[in-house]
Visitor: 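The structure follows.
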Amino acid sequence: MPDTPQTTYADAGVDVEAGDKAVELMKASVRRATRPEVLGGLGGFAGLFDASVLGRMAHPVLATSTDGVGTKVAIAQAMDVHDTIGFDLVGMVVDDIVVCGAEPLFMTDYIATGKVVPERIAAIVGGIARACEQAGVALVGGETAEHPGLLEPAEYDVAGAATGVAERAELLTPDLVEPGDVVLGVASSGLHANGFSLVRRVIADAGWRLDRDVPEFGRTLGEELLTPTRVYAAVLLRLVRTVPVHALSHVTGGGLAANLARVLPTGSTAVLDRASWTPPAVFSVIGELGNVPQPDLERTLNLGVGFAVVLPADHVDGALEVLSDCDLPAWVLGEIKRTDQVDAAVAEIVTGAKGVDAGGAQLIGSHPS
């Protein structure tokens with residue numbers, strides 16, 4: 001056989017040493033995102049969590065969630081800013097777990113990239129770790145995969161999964177919700193990590209660059225779009241342990257009405273008044289720039305409401321006090337009614353989101369101008 005040149009893994013585009021360096025750079029950040037139940041350290045084949053703590057519970061129920069951040073990563077890559085996208089990932093994953101009343105315990109992440117640049121990977125994981133620390137969640141492991149030929153050298157995608165636990169008797173289930181309950185809106189920090197395919201299309205069609213100064217934002221377009229997702233887990237756990245919350249809804253893809261309807265019982269509808277809040281400027285700018293129909297905006301973006309809280313009317317003041325103490329703006333958004341008492345001629349009643357046989361939600365009125 002004639003001599004042929006040797007082909008190494010590095011020749012194929014995978015740099016093992018760069019991956020090792022990335023792990024060294026992220027170690028300090030990950031070390032801070034821990035809990036007492038975590039066993040071992042970074043670098044094992046599996047993250048270990050001491051489950052004996054669950055033995056103190058009467059009937060522990062595990063909750064799990066997985067998600068990514070969609071095409072918001074394209075904005076981070078274009079801006080060359082990688083230390084905030086981790087907050088988007090953690091928010092999308094752990095705040096889904098809180099919806100059922102469970103406490104998120106630990107999380108793992110996955111990063112796929114065309115080329116491992118250690119400093120970039122460390123920045124991404126550093127953001128994930130800081131968000132986990134804020135949420136009280138342990139970052140027990142992860143994976144960075146180099147995919148040359150599949151992704152461009154500067155491209156990457158991120159995903160994660162988390163596990164939490166709740167007492168079965170304390171789960172937040174739709175049957176807790178009653179007519180007369182009040183719905184609170186809890187403010188988002190901006191776009192969060194949903195609807196960026198629409199947002200990116202609008203700004204591309206308008207020819208706007210990410211470095212464009214936008215007076216309504218008081219900063220550049222790119223800076224506004226990269227605003228990290230607000231992570232609610234720790235505050236909402238404090239809330240459900242302080243007042244009798246009947247339901248929580250994480251407002252992500254699908255918008256406010258569709259996500260709230262998912263956590264309500266059949267035969268009930270949340271009637272929500274747009275006049276109770278003014279969406280942040282980013283939503284009106286995107287809507288007007290792209291001439292996006294209002295219904296499309298409402299079923300794609302959060303419009304300033306990151307979470308909805310359903311609770312008895314006589315506990316509204318206590319809930320608002322807890323949220324205010326945690327620097328989370330919140331307000332009375334609407335109320336729960338029997339569906340047969342809601343006038344469907346006034347506005348559409350949104351039902352059936354994600355294939356769930358549940359309640360409905362109706363948006364009425366107009367936002368303050």
Side-chain angles (χ1 to χ4, degrees), residues 87 91 94-104 134-136 166 170-192 227-252 255-265 268-283 298 301-337 359 361-368:
F87 280 82
V94 305
D95 286 340
D96 275 1
I97 286 177
V98 174
V99 166
C100 67
E103 177 183 0
Q134 185 182 109
E170 297 173 4
L171 285 170
L172 298 182
T173 55
D175 58 282
L176 296 174
V177 178
E178 300 177 348
D181 281 352
V182 171
V183 182
L184 302 182
V186 185
S188 69
S189 56
L191 291 166
H192 286 185
T227 301
T229 297
R230 180 167 273 152
V231 179
Y232 299 90
V235 175
L236 292 178
L237 285 173
R238 175 178 169 183
L239 181 67
V240 300
R241 291 165 181 166
T242 305
V243 299
V245 171
H246 286 172
L248 294 170
S249 177
H250 191 192
V251 183
T252 55
L256 171 58
N259 281 291
L260 181 54
R262 293 167 64 189
V263 300
L264 303 180
S268 67
T269 293
V271 180
L272 312 172
D273 189 356
R274 296 185 186 93
S276 67
W277 88 100
T278 301
V282 65
F283 299 102
E298 291 182 336
L301 307 176
N302 67 62
L303 293 189
V305 184
F307 247 90
V309 180
V310 181
L311 74 171
D314 55 354
H315 288 280
V316 167
D317 289 344
L320 290 174
E321 184 177 348
V322 170
L323 295 169
S324 177
D325 287 347
C326 297
D327 296 321
L328 265 184
W331 65 95
V332 173
L333 181 60
E335 64 177 319
I336 305 298
K337 295 185 177 183
Q362 182 188 58
L363 282 159
I364 62 172
S366 302
H367 296 296

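Here, residue 1 is the first one in the sequence, and each next residue gets the next number.
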Visitor: Are any non-hydrogen side-chain atoms of R238 and D325 less than 4.5 angstrom apart?
Guide: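 Contact flag for R238/D325 side chains = yes.
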Visitor: Taking side-chain contact (heavy atoms from CB on, under 4.5 Å) as the criterion, tell me which of V332, V309, I336 meets it with V182.
Guide: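 The single option meeting the side-chain contact (heavy atoms from CB on, under 4.5 Å) with V182 is V332.
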Visitor: Give the intermediate values and the outcome of side chain to side chain contact (heavy atoms under 4.5 Å, CB included) for residues W331 and V305.
Guide: CA-CA 10 Å; W331 65 95; V305 184; 3.8 Å; yes
Visitor: Look up atom CG in N302 and atom OG in S189, then write down how far apart they are to the nearest 0.5 Å.
Guide: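 Result: 8.0 Å between the selected atoms.
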Visitor: Closer than 3.5 angstrom, by distance alone: can the side chain of D95 be matched with the main-chain N or O of A233 as a donor-acceptor pair?
Guide: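 Side chain of D95 to backbone of A233: a pair is present.
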Visitor: Do you know the tightest heavy-atom contact between A166 and G101?
Guide: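 Of all heavy-atom pairs spanning A166 and G101, the closest is CB-O, 4.0 Å.
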Visitor: Quick one: closest heavy-atom pair of A257 and A361, and the distance?
Guide: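 Minimum heavy-atom separation between A257 and A361: O-CB, 3.4 Å.
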Visitor: Quick check against the 3.5 Å criterion: does H246 have a side-chain atom that pairs as donor or acceptor with the backbone of V310?
Guide: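 Not at all, since once roles are kept as given, no pair shorter than 3.5 Å links the two residues.
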Visitor: Is there a donor-acceptor contact under 3.5 Å from the side chain of W277 to the main chain of A187?
Guide: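 Not a single qualifying donor-acceptor pair exists.
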Visitor: So do the side chains of L260 and V263 get within less than 4.5 Å of each other, counting heavy atoms only?
Guide: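 They are in contact (side-chain heavy atoms under 4.5 Å apart), so the answer is yes.
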Visitor: With a 4.5 Å heavy-atom cut-off, do D175 and P265 have their side chains touching?
Guide: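 Result no, sub-4.5 Å side-chain heavy-atom pair not found.
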Visitor: Is the shortest heavy-atom distance from the side chain of V245 to the side chain of V243 under 4.5 Å?
Guide: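 Sidechains of V243 and V245: in contact.
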Visitor: Return the minimal non-hydrogen interatomic distance between F87 and V231, and the atom names on each side.
Guide: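 Smallest interatomic distance, heavy atoms only, reads O-CG2, 3.9 Å.
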Visitor: Among residues at least two apart in sequence or on other chains, which ones pass side chain to side chain contact (heavy atoms under 4.5 Å, CB included) with L328?
Guide: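 Partners of L328 under the side chain to side chain contact (heavy atoms under 4.5 Å, CB included) test: V186, R230, Y232, V235, L323.
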Visitor: Can you check whether V316 reaches L184 side chain to side chain, under 4.5 Å on heavy atoms?
Guide: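 In short, these two side chains touch, coming nearer than 4.5 Å.
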Visitor: Taking all non-hydrogen atoms of both residues, which atom of L237 and which atom of P104 are closest, and how far apart?
Guide: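 Shortest heavy-atom contact: CD1-CD, 3.9 Å.
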Visitor: Would you say the side chain of V240 lies within less than 4.5 Å of the side chain of L248, judging by non-hydrogen atoms?
Guide: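 Yes, at least one pair of side-chain atoms sits under 4.5 Å.
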Visitor: Tell me whether E170 is salt-bridged to R241, with the criterion being a basic N under 4.0 Å from an acidic carboxylate O.
Guide: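 Salt bridge absent between E170 and R241.
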Visitor: When you look at L256 and L333, which way does the side chain to side chain contact (heavy atoms under 4.5 Å, CB included) test go after all the steps?
Guide: CA-CA 11 Å; L256 171 58; L333 181 60; 4.0 Å; yes
Visitor: Side chains of T278 and F283, heavy atoms from C-beta outward: is any pair under 4.5 Å?
Guide: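 T278 does not reach F283 side chain to side chain.
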Visitor: In Å and rounded to the nearest 0.5 Å, what is the CG to CG distance from L272 to L363?
Guide: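 With rounding to 0.5 Å, CG (L272) is 5.0 Å from CG (L363).
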Visitor: Which pair of heavy atoms, one from A247 and one from V177, lies closest together, and at what distance?
Guide: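 It is CB-CG2, 3.7 Å.
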Visitor: Quick one: pull up OG1 in T242 and NE2 in H315 and give me the separation to the nearest 0.5 Å.
Guide: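 Answer for the OG1-NE2 pair, T242 versus H315, is 11.5 Å.
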Visitor: With heavy-atom distances below 4.5 Å as the criterion, would you say the side chains of T252 and N259 are in contact?
Guide: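 They are in contact (side-chain heavy atoms under 4.5 Å apart), so the answer is yes.
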Visitor: When rounded to the nearest 0.5 angstrom, what is the spacing between CZ in R274 and CD in E298?
Guide: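 Here the rounded value is 4.0 Å.
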Visitor: Of all the heavy-atom pairs spanning G304 and P280, show the shortest one and how long it is.
Guide: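 Minimum heavy-atom separation between G304 and P280: CA-CD, 3.6 Å.
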Visitor: Output, in order, the C-alpha distance, side-chain angles, deciding distance and verdict of side chain to side chain contact (heavy atoms under 4.5 Å, CB included) for K337 and T269.
Guide: CA-CA 5 Å; K337 295 185 177 183; T269 293; 5.5 Å; no
